Number of protein chains: 2
Amino acid sequence: MTGAGTRDTVTSHAVLDTALTLFAERGYHGTALSQIAEALEVRTPSLYNHMRSKQELLQTIVADTVRGVLDDFHAATEGRIEPVDRLYHAVLVYARRHATHRREAIVVNRDTSSLEEPFRSQMQALRREHEHALRAIISDGVAAGRFAVDSPALASFAIREMCVSIARWYQDDGPIGPEQVAREYTEFALDIVGLGRIGS
Amino acid sequence: MTGAGTRDTVTSHAVLDTALTLFAERGYHGTALSQIAEALEVRTPSLYNHMRSKQELLQTIVADTVRGVLDDFHAATEGRIEPVDRLYHAVLVYARRHATHRREAIVVNRDTSSLEEPFRSQMQALRREHEHALRAIISDGVAAGRFAVDSPALASFAIREMCVSIARWYQDDGPIGPEQVAREYTEFALDIVGLGRIGS
DNA sequence: CTCGCTCCCTAGCGAGCGTTAGTCAGTGGG
DNA sequence: CCCACTGACTAACGCTCGCTAGGGAGCGAG
């Protein structure tokens, strides 16, 4: 029926994956479809059997990633009430994701501006949702006397972007695993909101 | 002699400045020379009276910025011996620079990969110089018992990238000035290296 | 006034881009 | 065994890119 058969062929997933790698490496505008095709050992027009356009590739990557971040966040924080507990798990999954999904993170953070409207605005709204949710945890923690920061907005920016940047230096074949990085960075986050100064 | 006269004309500095703005907005590959020309109210080929190539614009931006970061660092740390003192001032100038030179920071961090070799490698080497210098301060502080971190490398990555990201959210017309942001972020950096846990 | 320089202009080159049309070989189902 | 279909191919489209060539207007210096 939907047979890929034994013939040498290419799947939609393979196209998306290769695009992801190249977009992360050279950026959306810096990557030509001919390069994606070459990496798949196929002629450029053949890509159109597996996608609608170059822009659609970027949209799929961004949408999937942003959705994943939000799902992660809710799964990690739901049922937890203590601000320390909520922040701990929110940062843990966020940091871990940036070690395990490096390419996605790089593309989303660099090339969201290359998305066509109105898709771009929709994605930015979703990103702000996560940003506001994290900031709310910090604000709640300050109000409850568990955290000590002058500006929850600044602290939440610092924590978020610190995690995002993991994608820029982390190496899969390095000496340190995603879980370990995530834990260390979560420690940093708790330091930033002043847990070390207050004492847990 | 080198007269711009009273005629409506354009300077090399204006071209570089407009390129900087547009590169920061849409990226190097996402910006066409025609867009730079349009912003300057000039036809595209006229740009070549003030530059040699599009690539040269990027090289100038990156070189000037990287050089500035390194100069800042040395000016801020020279003569200081105490790790806390050195880290404090190193982070202060680094964070401040990313609030006052947002466009430069965005371009350097996003588009260094669009530099042609061997220039790209040279710039990356200079960037690593700053990275290693900051890491050395942390390592020294740990050895001296002033800081407490498991991995100086991780802490230095976190601090650096946290500062870099200021460029991505800071607004010149916002309620908070560069100096204030820099001070807050320097506090965060000291938290990360464990000053809050040890006590100053 | 005139010479020479600066700098913008129009015209156009060659290359590469994303994308479409139309063809055909190989494959699995009946 | 044949037929329909998937998915690769070649050819070519219109467009935009970075960049060059060559001409001409405005300016300061003498």
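Scope of the values below: all heavy atoms of this structure, side chains included, with no hydrogens, waters or symmetry mates. Predicted model, so just to flag it, every value in this text is computed and none were measured. In what follows, chains carry the letters A, B, and so on, assigned in the order in which the sequence lines appear, proteins first and then strands, with residues in each chain numbered from 1.
Put simply, A/Ser46 has no side-chain N or O that comes within less than 4.0 Å of OP1 or OP2 on D/dG7.
Taking atom CG of residue B/Leu40 and atom P of nucleotide C/dC8, one finds them 10 Å apart after rounding to whole Å. Here the C1' atom of nucleotide D/dC19 and the CD atom of B/Glu56 are 14 Å apart, to the nearest Å. Per the geometry, CZ belonging to A/Arg52 stands 11 Å off P belonging to C/dT20, to the nearest Å. The CG-C1' distance, from B/Asn49 to D/dT20, rounds to 12 Å in whole Å. Atoms CD1 (A/Ile36) and P (C/dT19) sit 10 Å apart, rounded to a whole Å. The distance from atom CD of B/Glu38 to atom C1' of D/dT16 is 14 Å, rounded to the nearest whole Å. If you measure from atom CD of B/Gln55 to atom P of D/dC19, you get 9 Å, rounded to the nearest angstrom.
Listed by first then second residue, pairs satisfying salt bridge (Lys or Arg N to Asp or Glu O under 4.0 Å) with a partner in residues 57-71 of chain B number zero, not counting sequence neighbours. Listed by first and then second residue, the salt bridge (Lys or Arg N to Asp or Glu O under 4.0 Å) pairs that reach into residues 26-55 of chain A are A/Arg52-A/Glu56, sequence neighbours excluded. For residues 75-97 of chain A, the salt bridge (Lys or Arg N to Asp or Glu O under 4.0 Å) pairs, not counting sequence neighbours, are A/Asp72-A/Arg97, A/Arg80-A/Asp85, A/Glu82-A/Arg146, A/Arg96-A/Glu179.
Between B/Arg127 and B/Glu131 there is no salt bridge, since no side-chain N of the basic residue sits under 4.0 Å from a carboxylate O of the acidic one.
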If you restrict it to nitrogen or oxygen atoms, what contacts under 3.5 Å exist between nucleotides 16-18 of chain C and the protein, and what is each distance?
| from | atom 1 | to | atom 2 | distance (Å) |
| --- | --- | --- | --- | --- |
| C/dG18 | OP1 | A/Thr31 | O | 3.4 |
| C/dG18 | OP1 | A/Leu33 | N | 3.4 |
| C/dG18 | OP1 | A/Lys54 | NZ | 3.0 |
| C/dG18 | OP2 | A/Leu33 | N | 2.9 |

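Remark: B/Tyr170 pairs with no residue by the ring-ring contact (aromatic ring centres under 6.0 Å, His included) rule, at least two apart or across chains.
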Contacts under 3.5 angstrom, residues 150-157 of chain A side chains, donor-acceptor by atom type, not counting sequence neighbours:
| from | atom 1 | to | atom 2 | distance (Å) |
| --- | --- | --- | --- | --- |
| A/Ser151 | OG | A/Ala153 | N | 3.4 |
| A/Ser151 | OG | A/Leu154 | N | 3.1 |

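With distances taken from any side-chain atom of B/His50 to the nucleotides D/dC19, D/dA11, C/dC8, the minimum falls on C/dC8. Closest contact between the side chain of B/Arg43 and the listed nucleotides C/dC9, D/dT10, C/dC8 involves C/dC9.
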